[in-house]
Every structure is written in C-alpha cells, then in structure tokens.
**Student:** 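Sending over a structure as structure tokens; questions will come in a sec.
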Amino acid sequence: MKQGDHLFLVDGSAYIFRAYHALPPLTRKSDGLPVGAVSGFCNMLWKLVEESRDTSVGVAPTHFAVIFDHSSTTFRNALYDGYKAHRPAPPEDLRPQFALIRDAVRAFDLPCIEKQGFEADDLIATYARLAVEAGGDVTIVSSDKDLMQLVGPKVTLYDQMKDKRLGPDAVFEKFGVYPEKMIDLQALVGDTSDNVPGVPGIGPKTAAQLLEEFGTLEALLERAGEIKQQKRRDSLVSFADQARLSKQLVTLDANTPLDVALDDLFIHEPDGEKLVAFLKAMEFTTLTKRVAAKLGTDVAEVGTAKLSVDRQARGPDLDPQAPASPPAPSGDSALPFTPEALAAGRREAAAAETIDRSAYETIRDAATLKRWMAEAVEAGLMAFDTETASLSAMNGALVGVSFALASGRAAYVPLGHVAPPEAADLLAEPGAAEKAVGAQIPMNEALAILKSVLEDPSVLKIAQNAKYDYLVMLRQGIAVAPLDDTMLISYALDASSSLEGHGMDELSERFLGHKPISFKELCGSGKSMRSIATVPIDKVTEYAAEDADVTLRLWRVLKPRLPADGLAHVYERLERPLVPVLARMEERGIKVDRQILSRLSGRFAQKLGEIEADIQAITGEGFNPGSPKQLGDMLFGKLGLPGGKKTKTGQWSTDVKVLEELAADGHELPRRIVDWRQLTKLKNTYTDALVTHMDEAGRIHTSFSMASTTTGRLSSTEPNLQNIPVRTEEGRAIRSAFIADEGRVLLSADYSQIELRLLAHMARIPQLVEAFQAGTDIHAMTASEMFGVPVQGMPADVRRRAKAINFGIIYGISAFGLAAQLAIPREEAGLYIKRYFERFPGIRDYMDETKAFAKANGYVSTLFGRRAHYPDIRHSNPQVRAFNERAAINAPIQGTAADIIRRAMIRMEPALAKSKLSARMLLQVHDELVFEVEADEVDETKALVASVMEAAAGPDLDLAVPLVVEAKAAGNWEEAH
DNA sequence: CGCTCCTAACC
DNA sequence: AGGTTAGGAGCGA
C-alpha cells in the first residue's frame, strides 16, 4: 500500500441486515431457500467491483476487503455485561444466509475477514489506520454512525444505497459535531440497539450543543455544575460514570491483531467461472447474465457451485409456491396473493391519470349550483364530501360541501366560511369581513338545491366514510339515499390487521398513486389547528374538491372488485345498509346523569387521596404511583421484592397479576397500588371524561367505527361506550349513570354465549350442539366431559376452569395463554388442552382446517362470506405465524357473531315500525343492543327485539344451534344489564 | 407536540 | 389467548 492507493472496506455484517430488511423476502425458486439478503449483497458487491474495473469514473479501489463480525462476545462485554444484551436473535430466514454470503465473497475472489472476539468495526478501524499511515485513502462502505469517528481527510464513508459519500463536513451536518467528537457524542447519547447506556435525557441535538460549548466529554462532565437546565445538570452529574463507560464502549479499537496483512488486500480480477457458478447455483438469473457478459463467461458452459449451506440449517418451511408476505411487487417470484395484487392492473390505469387541483371550481351563486346539480342528475351519480367546523359529525357546523361528477370535474360550495379572528383588527369597518371571505350562497337556499339531488333515488351518492356525511346532512334535515361508501367497499375487500387502514389518504396513495392534501396541511394540528371555516376559500376548494374527486376515482377502481372477489353480498347486506342505522343511533345519543358522575368523581378523589397518603408513607415523597417505571424500581429495586415477569422492553412488569401475587404474599404497597390504579382508571377514563362528552340535553353521542376491526366487529370512539365498567361494584356505579329519558326505560338485550354456539355449529361438535339444543349449562357440561365430575353439585372451581378453556378455544388456545389465565403451570395447561381435544376431536379438526385454509388463501371467511386477511400467517418468524394462526381461528367465530348482530340491527328499525313501537336503538356492545323504550311498551318491545335478534342468522343461514337472547329493562343501564 | 410503552376498561 | 379504545408516563425534537 502506498500513496495514491485506495482501500475499500465493506462493513459486511451491517450490509447483510440492511439488505435483509430493505428487500422483500426472496426465495430460491427451485426449493424455497431464503436468499433475499444474499441477492442484495451480491448486487451491491458486483456494483462495487464493476466500478473498480472502470478507472475512468469515480474512485477506484486498489485494495478491497469485506469484513464481518465473528462472535457475539468481545472485549466490550468484559467492560459491561449489558453490552448488546437486548439484541434479538437474527430472523429465522436470515440465519442460513450468513454462510451463503461468505460463499459469495469467496466467489468474488475477495478477502473475507473476521476475527474471533472482535467486531467488524474494530477491524475496519485497524485497517483504516494502517492504510492512512501508509499514505493511502480509505473508503468504508457503510452508513453506520458507529464508524463516523473514523472519518477524516483521507477516510470517507460511502452509503451505497443512497450513493452518498460522507466526509467530515457531512458528519458535522448530520450530527452537529466533527468526527473527532463523534465518540463523545455517542457516549452522551448512548445507543438503544447496542444497549450503550449514555446519559438519560440527552439526545443527539443536546449532545452536540453541549460539546460545542464545553469542547470534550471530560470537560463537560467536570464542569457539569455550570449547566443552567436543572434536569440536564442532574442527569450529567449522576450519570457521569455511565457516560465514561459508554465512551469506552463506543470507542473503536484500531490496534487489533490481524490475520491478513494490509498489502494482501490487493484487488484482482474476479474469476468468471467461479463467480458465475455461484450465482447460477443461487438462481439469480439477471445478475448471472450481467456478470457473465461483463466477464466474458458462457453461462451454459459453467456448472453450478456447491454451497456450504446445510439443509438442516434452513429456516422455517417456506413453501416455494407461496411467496412470503409482503409479496414482491414484481418479478418472477411474485404470484398474486392478496386482492391488492389482483387489482394492480386497474390501479395502474387509475394511477396513470393525473389530478389537477387548479381545475376545481368554487361555487358562489345559486344559479351555478343548480346547473351543476342538473348535470349530476344527468350523470346519475355524484361523489360528495362535507366540511364541518369540528372533526366530529355530531357537533360541527356545516362549512361547505364539495362534489365530483367525473374524474377531474369537481367543485366546492362554501357555505359557512368566516374571516379568521386575526383579521378582525384589519377589517374593523362594517362589512369588511364578509367582503374578504367573498360571496356564499345562503345556507338554506343551497341546502334546498342540494337536497333535491341528495335525496333523489335516481342519483347514487358516493362518499368516503359516508356515515359522517350522512349524519351531517341528517342534522340539516336531509336523508341522503342511495349511498355508496368507498371506505366500506375497501373494508369489505381487504379487512386485514397488517394493512394500514381504509382512510382516504391511504386508499388514494395505494390505488391512485396520488397523495391528496391532508387535513393537517390545510388546518394544522394540535394547539395551532384552526377551523376550516377560517381557511381561505381557494385553499379549501383545492382540498375539498380533491377529496370528492379522489372518492369518485376510488369508487371506480374499487366497486367493480366486489362482484369480482365474491364480496358484493358482504358489502350490500352487512355494510351499506348499516350506515343510516348507526348514524341515527349516534344522533340519538344516550342520556347520562351528570350528578351521579360528579358525585362518583368526588368519592373517587377522596379515596385516592387516602391511598396516596398510604403510598407516600411507604415510599416517601416524590414517588409517582402512575409510573410503571418508578413502581418497578421501587418494588423490585428499593424494596427488594422478588420480581416476576418482564415486559417486551425489558422493564419489570407491574400489571395487576404481578401486583396481586405480591399482595397475596402480604406486601402492603402492591395492594394499595392495585386499588389506586383501579380508582384512577375509573375516575380519569369514565367519571371525569364522560361529562366532557355530554351535550346540552345531557346525552352522549359516541361514534361507531365500521371499518376499524379485522373481524367485522364495530368499535366505538369519542367516547368509547363499549367498555363502560361492569365487573366491579364501583365500576357498575358508573354504568348506573346511563339512564333513559323521562317516561322511558333502558332495555338491554344480549346474545347468550353466541360465539360458543357458533363454534358448536361450525365445528359440528355433537355434544356441544346437543347441549345448546337442550339448554344445559355449557361450561358445566364441558367440565363434566373433561374432568368426569357430575353436573349436579359441581364445584365452582371446576366449572371455572372449563369456562376458561371454552374461551381459550374461541381465542385459538395455547398452553401459554391458558396457563396465564388459570395461573397454573404450562404443562398442566397443555394436559387440559390435550384432554379437551380428545373429548372433542372435531374442534381440533376445525382448527386445523381453518389454519390450512388461511395458509392456502391468506384469509378466512365468516359464515356470511366476510373475509379477514392474515397474510402474515406465512411469516418466517414462528411467533408471528402462531399469532396469526390463532387470530385466523378466532376470526370466523367472532366475525360471524358480528355479522349476525349487524343483520339484527339492520332489521330492527323496520320491525319496530311495523309493530308500531317507538323504541329507539342507542348502543351496540358486540353481543348486546341497548334501547330506550316507552314505559308502557316495554313487554312488547322486549319480545320483538329478542325475536329479531334470535332470528337474525336466518334465512340465509340455518344454524344447528338456537340463538338465545336475554332481555331486561330498567331505569338505568346497570340494572337493565 | 407527537410518538411509543404500559396498563386497564369492555366483549 | 381473540377483538378493541383510552389515559398517563416518558422521551425526543
């Protein structure tokens, strides 16, 4: 090595992980061997080699080495045993690729360097030092910040993926310090992935600023007392030693012993045959051809190399027919797997169209609006969107309406725009504010024109999240019909836990390749968010008309897929008709007794005060019982109690289970914490929060979400009325605050054991079906079958265990879960499950069939055809796979129950009307419906509601088990339930 | 201010 | 252990 020579050092280990995570999983076609990381690695290596052969451009290496980590323990572990302690094991499907990548380096005829007890970074540091001392230049192929300390006038980092060279100035730009100070910066900041502690509360920005001021880490630690910010000062003082340790950990060792001398890294032409044989064996068709052409090798004449990969060391059984998820976007290994992929063609067509916001119109006079509406009637369809002053449909004033009649043909009708408050001073003269906003059609006149079309049965209205716009219009006296909803179409097509969601912006990017203006961009967020009514109208026109335009385009792409995918029934019968039903429920709201809630709040506050005093007496001042972190330190650190579980992030778990166990051992603090937790939950989440959602009439209007679960259940937000307490006495007091209007009562009707009944039907389990037909106690029956105890006089605990097992079955049972639930050893839980499957072999068959179907198709179906997608059921990680298997077992059961209650809700209002009953449906809680009923109609309503619910599966579905509904009426929800 | 983590309320 | 939503702590910007 001499002056003018140039050493390339490739950080192989970092590159493997980067290639693995950046690329879609790729498997060798002939046998499914996972090779994605190898492929990425080879492509990158070839690119570097090619560059080195072409001396006319860029920097060409004269010396070259690929460097790997060898072992997991290094001198750093002797300094600090926590070093890299939380590193997860490499993914299953990456492990076999390590050996292949070393094969690849050899096939390229490049030195492959690693050394026991040293990290790649240390070897890189050593070679870099030697090269610089010999007068050469160094390029380190990596973008790891840990290597930035090596950067200098003769050493640069090269990020190949971004094609960027990083010199001292780039390091400064990125971290605010020059490379010489990188070590000090890293020591302060720490590194979570390597478990280098650093100084808590100091991030890269603060660290750079401190080093700028104090020069070095040592100077900073010595003069830490001068820092103004108290928190920062305290942290630096108390963690000074931790910072010094961190510095040792992040400092690279540039004096490691070397097995291969620097001069031996001299580069030479790769051997065409050897390299092509390897690439051929890997079945990298494209790269093989490219390399062969460049090196003048005939592919046909070369055999395939023998690889050092041993079939036993393989990852999980990846079916070569089935590409792992997510599927590669294109290329030979990508088969259509999700409905997404099937629609790719249509998506491409839609994406090819461009969206021009400047073409949208603002409608400010009635005549123009009438012309547009006449055109809508002619077209027979119209996408529309409403803009309101608040984000909730129930309390926001209407600000404007937009619509689209064809792609690109869209307009916005401002109705309630006002001048922004900050303009008030400038517009002091009368009428100036109106003039600044410009003309708007009077609200009533515009609504009358819109109403004629929105209610016209010959014009289809299309909206995204139609329930919102339906409700806004309902509050203006307009019942929009007929109505299509792009969000619900997407949900019917692709309900999946791994897919993001069905919001318009996401759908637009996914299907149209277009990013619409976001609400945040228009109105801001958080404290600085302003009402859309004060945003300039030309801006709102672009935003609102675009939303209508995009909705229409989405509808054109998505609607035809319903029949194509066999999901028209789900959308037409379970989604679409529910929109107005839920909108009316939300509009009605449920009455709440403010007095009860505030009395409870007071009571909880008082009790909390007492408990807090007790807690402070045990722990001393300054302890926050609401901090799981502080609590963990207190219990298992200061008080030295025996710790149990840890959470994902390595923290001590302090959930109820853990605390209850400690309390049972006679410890006072955990007992008090449990009480404190329960009361703060009830107070913060319910008694205090609910009153903020009440309207003037004392009613709370939740919002039901139709598209946020994977299984077809509804969810409830702002506030969530599906998790009102019921378990404990104090909790039930909250439920008693939910009351009926004057002269009415609340009626609660719920399905008894609906999921277990559906399981009995779906898995065709004779004993279960018979038990449900006979109306016997199903948990007692299970217990009797399992433990041989007669149903008569069965001990409560035996029944409890059977009940837990029954629930477990619905949840896709695991020994781990059952053991946790029953607080028994895992082995015992395993025996229970074995026993259960022996008694009910049909359940195991059902589970196996469901899993196999999900694996083959990527989704499972409810009895009404609703699909829940689980692409990750083929995930390479066995834990992820097992989780998806359990979810896939549960989804048809939970989802069918959800379908049935949806059917009941859709039929409920016409049935009530037909019987001339005035009952109003208010809430749905998964297997329960809550109504507000005239006192003198209670009995008749009870019977009708129960019969509609019990018959809801038919006539499409003939269940082998009866559905049973229990209904009860009372003045409040607690007593009615 | 926005994000993640932990915990807990419901079916 | 399946499906949710919400609140507070903690952290970094």
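Residue numbering restarts at 1 for every chain, and letters A, B, ... go by the order of the sequence lines. All values below were derived from every heavy atom in this structure, side-chain atoms included, with hydrogens, water molecules and symmetry-related copies excluded.
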**Student:** I want to check something: taking the side chain as every heavy atom from C-beta on, are A:His693 and A:Met394 in contact at a cut-off of under 4.5 Å?
**Tutor:**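 Not in contact.
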**Student:** Which parts of residues 821-832 of chain A get close to DNA chain C, meaning a heavy atom less than 4.0 angstrom away?
**Tutor:** A:Gln821
**Student:** Answer yes or no: is there an ion pair linking A:Lys855 with A:Glu885, defined by an N-O contact shorter than 4.0 Å?
**Tutor:** yes
**Student:** Begin with the C-alpha distance, continue with both residues' side-chain angles, and end with the deciding distance and a verdict on side-chain hydrogen bond (donor to acceptor under 3.5 Å, both in side chains) for A:Ser708 and A:Ser715.
**Tutor:** CA-CA 7 Å; A:Ser708 55; A:Ser715 72; 2.8 Å; yes
**Student:** Once you round it to whole Å, what is the distance between C1' of C:dG2 and CD of A:Glu885?
**Tutor:**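 After rounding, the reported distance stands at 14 Å.
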**Student:** What residues from residues 705-716 of chain A pass a heavy-atom cutoff of under 4.0 Å to DNA chain B?
**Tutor:** A:Arg713
**Student:** Which nucleotide in the list C:dA6, C:dG2, C:dG8 gets nearest to the side chain of A:Asn684?
**Tutor:** C:dG8
**Student:** Do the side chains of A:Arg867 and A:Asp494 get close enough for a salt bridge, i.e. N-O under 4.0 angstrom?
**Tutor:** no
**Student:** Please determine if A:Glu612 and A:Lys607 form a salt bridge, counting it only when a charged side-chain N lies under 4.0 Å from a carboxylate O.
**Tutor:**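 Looking at A:Lys607 together with A:Glu612, the answer is no, because their closest N to O distance does not fall below 4.0 Å.
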**Student:** I'd like to know whether A:Arg801 forms a salt bridge (charged side-chain N to carboxylate O under 4.0 Å, His left out) with A:Asp797, so could you lay out the CA-CA distance, the side-chain angles of the two residues, the decisive distance to 0.1 Å, and finally the verdict.
**Tutor:** CA-CA 6 Å; A:Arg801 272 181 286 167; A:Asp797 190 58; 3.6 Å; yes
**Student:** Could you state the CG-C1' distance from A:Asn723 to C:dT4, rounded to the nearest angstrom?
**Tutor:**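 Result: 8 Å.
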**Student:** Taking CG from A:Leu631 and C1' from C:dG8, how many angstroms apart are they, rounded to a whole number?
**Tutor:**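 Rounded to whole Å, this separation is 14 Å.
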**Student:** On DNA chain C, compare the nucleotides closest to A:Lys629 and A:Phe807; which residue's is nearer the 5' end?
**Tutor:** A:Phe807
**Student:** Name the orientation class of the two ring planes belonging to A:Phe636 and A:Trp652 (parallel below 30°, tilted from 30 to 60°, perpendicular beyond 60°).
**Tutor:**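 Ring orientation of A:Phe636 relative to A:Trp652: tilted.
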**Student:** Does the structure show A:Tyr811 stacking with C:dG2, if we require the centres to be closer than 5.5 Å and the planes to be within less than 30 degrees of parallel?
**Tutor:**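 It does: the two rings, one from A:Tyr811 and one from C:dG2, meet the stacking criterion.
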**Student:** Looking only at side-chain N and O atoms, does A:Gln630 come under 4.0 Å of OP1 or OP2 in C:dG10?
**Tutor:**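 Answer yes for this pair, as a side-chain N or O of A:Gln630 is under 4.0 Å from OP1 or OP2.
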**Student:** Between A:Tyr836 and A:Tyr832, is the ring-ring contact (aromatic ring centres under 6.0 Å, His included) condition met? List the steps.
**Tutor:** CA-CA 6 Å; A:Tyr836 186 94; A:Tyr832 283 5; over 10 Å; no
**Student:** On DNA chain B, which is the earliest and which the latest nucleotide, 5' to 3', with an atom closer than 4.0 Å to a heavy atom of chain A?
**Tutor:**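 First and last nucleotides in contact are B:dC1 to B:dC11.
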